[in-house]
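In what follows, a single structure is set out as structure tokens and then discussed.
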Amino acid sequence: MEKKRFSIVKKFPIFAIISLILIAPGLVGLVTLPFGLNLFNMDVDFVGGTSLTFNLHTEVTSDMSGKDIPKLVEDACGVAPSTVQKTGENDESVLIKCTKLDNEQQSAIVEAMQETYNLEDKDTENVSDVNATIGREAQNKAVTAAVIAVILMLLYITIRFEFTSGLAAVTCLAHDLLVILSAYIVLQIPFNTSFIAVALTILGYSINASIIVFDRVRENRRFARRESFDEIVDTSVWQTVRRTLFTSITTLLTIGMIFIFGVTSLRQFTLPIIVGIVAGGYSSIFLAGSLWAKYRSLIRKNRQAKASAKLGSKDSGKPKKEEPKAAPEASVEEPKQPAPAQQPLPRKNNSKKNKRKKKKR
């Protein structure tokens, strides 16, 4: 077994506190959302709004869609657009999505676009209100797909490893998704249908990193039978740290290039994925194995407590056997000391008489 630097299982309270800090904004935003307090930057796909499409007759560059047009729209109507993306066959059209705008705000945006890019009325291809029904349907389907995926993952991990390892994996998945939600709230990333793709991507990535740790724990348990389960988990995590870090770094390099050189819509999609990959690597190293050990210990303690409670209830249900009463102690009389035996009298010496008898004979 390889030497480990420090015990990750013993340091679990520290990592748990860090995780609680990271997931706090997302958890608060998720809990308060049904009560009307929205901390997310909801996009048109979920809350509805206004969609405007213009044909600029020139290729829409990343500077135009990322800086120029958003600033123009905000100056015209006082509302920053949620998304600005190029469309059309030759990328000569631009699609602007904002929260619901009134007629005056829509007219102000149209006039500003016509003046800046020398457009005519026919170049305004579409101005319409977008209903949020499509977003809600996609949201319901995404939630259903995520729940089914999590249940199947739990069954698979339970069959391959243990039920407690499945609970640990699901807990890490919830942790990673809450970290992503925290990023959406803190960074005010537009919350649109791309979140569905982000969430499903991180679910698959995180569960893969956790299974690598669980698989190493299972292998080490076959050979390290004298060590405790916590020690095996520590050793297994340290053996997989390098692999997890290298996998995360190579993935981040690719997505980081897309974030740096991509357009605004791609940045809004890749930034939560970057946060999710970092959260998945953190949870697989510092949480997955420790949670497995904690859940395993808790379930064993509960089983032992139930077993002892059953034994106690069985013993309490049986009638107690009456102990036989002790017989009264008889008064023991002290034995009388026997009288001292009389010493036999000393025999007289009859040697002279015997001599006389021999002479007469």
Side-chain angles (χ1 to χ4, degrees), residues 25-26 28-30 32-33 36-56 58-88 91-119 123-132 134-136 138-139 180-198 258-275:
V28 172
L30 194 64
T32 57
L33 191 60
L37 181 59
N38 184 14
L39 301 178
F40 297 94
N41 182 16
M42 289 294 184
D43 201 355
V44 177
D45 298 332
F46 287 98
V47 296
T50 303
S51 174
L52 302 94
T53 306
F54 298 94
N55 187 0
L56 303 183
T58 184
E59 185 180 357
V60 179
T61 63
S62 58
D63 290 336
M64 294 171 61
S65 62
K67 297 178 182 179
D68 299 337
I69 296 177
K71 187 177 183 302
L72 184 147
V73 172
E74 187 174 3
D75 293 339
C77 66
V79 178
S82 57
T83 57
V84 176
Q85 58 187 20
K86 55 186 178 181
T87 60
D91 294 335
E92 294 182 352
S93 298
V94 62
L95 173 63
I96 303 171
K97 290 183 179 181
C98 300
T99 56
K100 196 167 184 180
L101 304 175
D102 55 21
N103 294 329
E104 295 180 358
Q105 291 173 323
Q106 294 176 9
S107 300
I109 294 174
V110 173
E111 291 177 2
M113 290 292 294
Q114 289 177 351
E115 291 178 1
T116 304
Y117 297 101
N118 298 322
L119 303 180
D123 295 328
T124 304
E125 296 179 349
N126 181 31
V127 178
S128 60
D129 292 332
V130 180
N131 196 348
I134 298 176
R136 290 174 184 173
Q139 181 182 8
I180 295 174
L181 292 177
S182 298
Y184 271 95
I185 292 175
V186 174
L187 303 177
Q188 284 297 291
I189 303 171
F191 196 86
N192 47 32
T193 51
S194 64
F195 170 75
I196 300 171
V198 172
I258 299 175
F259 175 78
I260 294 172
F261 298 105
V263 296
T264 304
S265 58
L266 285 177
R267 291 178 180 177
Q268 295 174 355
F269 173 71
T270 55
L271 181 57
I273 291 182
I274 292 173
V275 175

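Keep in mind that this is a model prediction, so the values were computed, not measured.
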Which residues share a side chain to side chain donor-acceptor pair (under 3.5 Å) with [X], sequence neighbours left out:
| X | result |
| --- | --- |
| S65 | none |
| Q114 | D121 |
| T83 | none |
| T50 | D129 |

Open item on the list: Checking F40 against I189 for the side-chain contact (heavy atoms from CB on, under 4.5 Å) test, could you report, in this order, the C-alpha distance in whole Å, the side-chain angles of both residues, the deciding distance, and whether it holds?
Closed with: CA-CA 8 Å; F40 297 94; I189 303 171; over 6 Å; no
Task: Donor-acceptor under 3.5 Å (S182 side chain, G26 main chain) - done: yes
Task: Any donor-acceptor N/O pair, Q105 side chain to D102 backbone, under 3.5 Å - done: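 Yes, because the side chain of Q105 sits within donor-acceptor range (under 3.5 Å) of the backbone of D102.
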Counting C-beta onward and ignoring hydrogens, is there a side-chain heavy-atom pair between [X] and [Y] closer than 4.5 Å?
| X | Y | result |
| --- | --- | --- |
| L56 | E92 | no |
| I109 | L52 | yes |
| M42 | L33 | yes |
| F259 | I273 | no |
| I69 | V94 | yes |

Closest approach of [X] and [Y], non-hydrogen atoms and distance?
| X | Y | answer |
| --- | --- | --- |
| P25 | I185 | O-CD1, 3.2 Å |
| Q268 | S82 | NE2-O, 3.5 Å |
| E59 | M64 | O-SD, 3.9 Å |

Going by the rule side-chain contact (heavy atoms from CB on, under 4.5 Å), which residues pair with [X] if we only count those two or more places apart in sequence or in a different chain?
| X | result |
| --- | --- |
| Q188 | N41 |
| L37 | T32, L39 |
| L95 | S51, T53, Q85, T87, K97 |
| D123 | H57, L119, E120 |

Task: With sequence neighbours excluded, residues passing ring pair (Phe, Tyr, Trp, His ring centres under 6.0 Å) with Y184 - done: F191, F195
Task: Separation between CD of Q106 and OG1 of T124, rounded to the nearest 0.5 Å - done: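 The OG1 atom of T124 is 11.5 Å from CD of Q106, to the nearest 0.5 Å.
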- [ ] To the nearest 0.5 angstrom, please state how far the CD1 atom of I180 sits from the CD1 atom of I274.
- [x]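 Here the rounded value is 11.5 Å.
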Side-chain donor/acceptor pairs under 3.5 Å, residues 70-80, sequence neighbours excluded:
{"unit_1": "K71", "atom_1": "NZ", "unit_2": "D75", "atom_2": "OD2", "d": "3.2"}

- [ ] Any chance you could lay out the side-chain contact (heavy atoms from CB on, under 4.5 Å) test for N126 and F54, step after step, and finish with the verdict?
- [x] CA-CA 7 Å; N126 181 31; F54 298 94; over 6 Å; no
TODO: Would you tell me whether D63 and T61 have side-chain atoms, one donor and one acceptor, within less than 3.5 Å of each other?
DONE: no
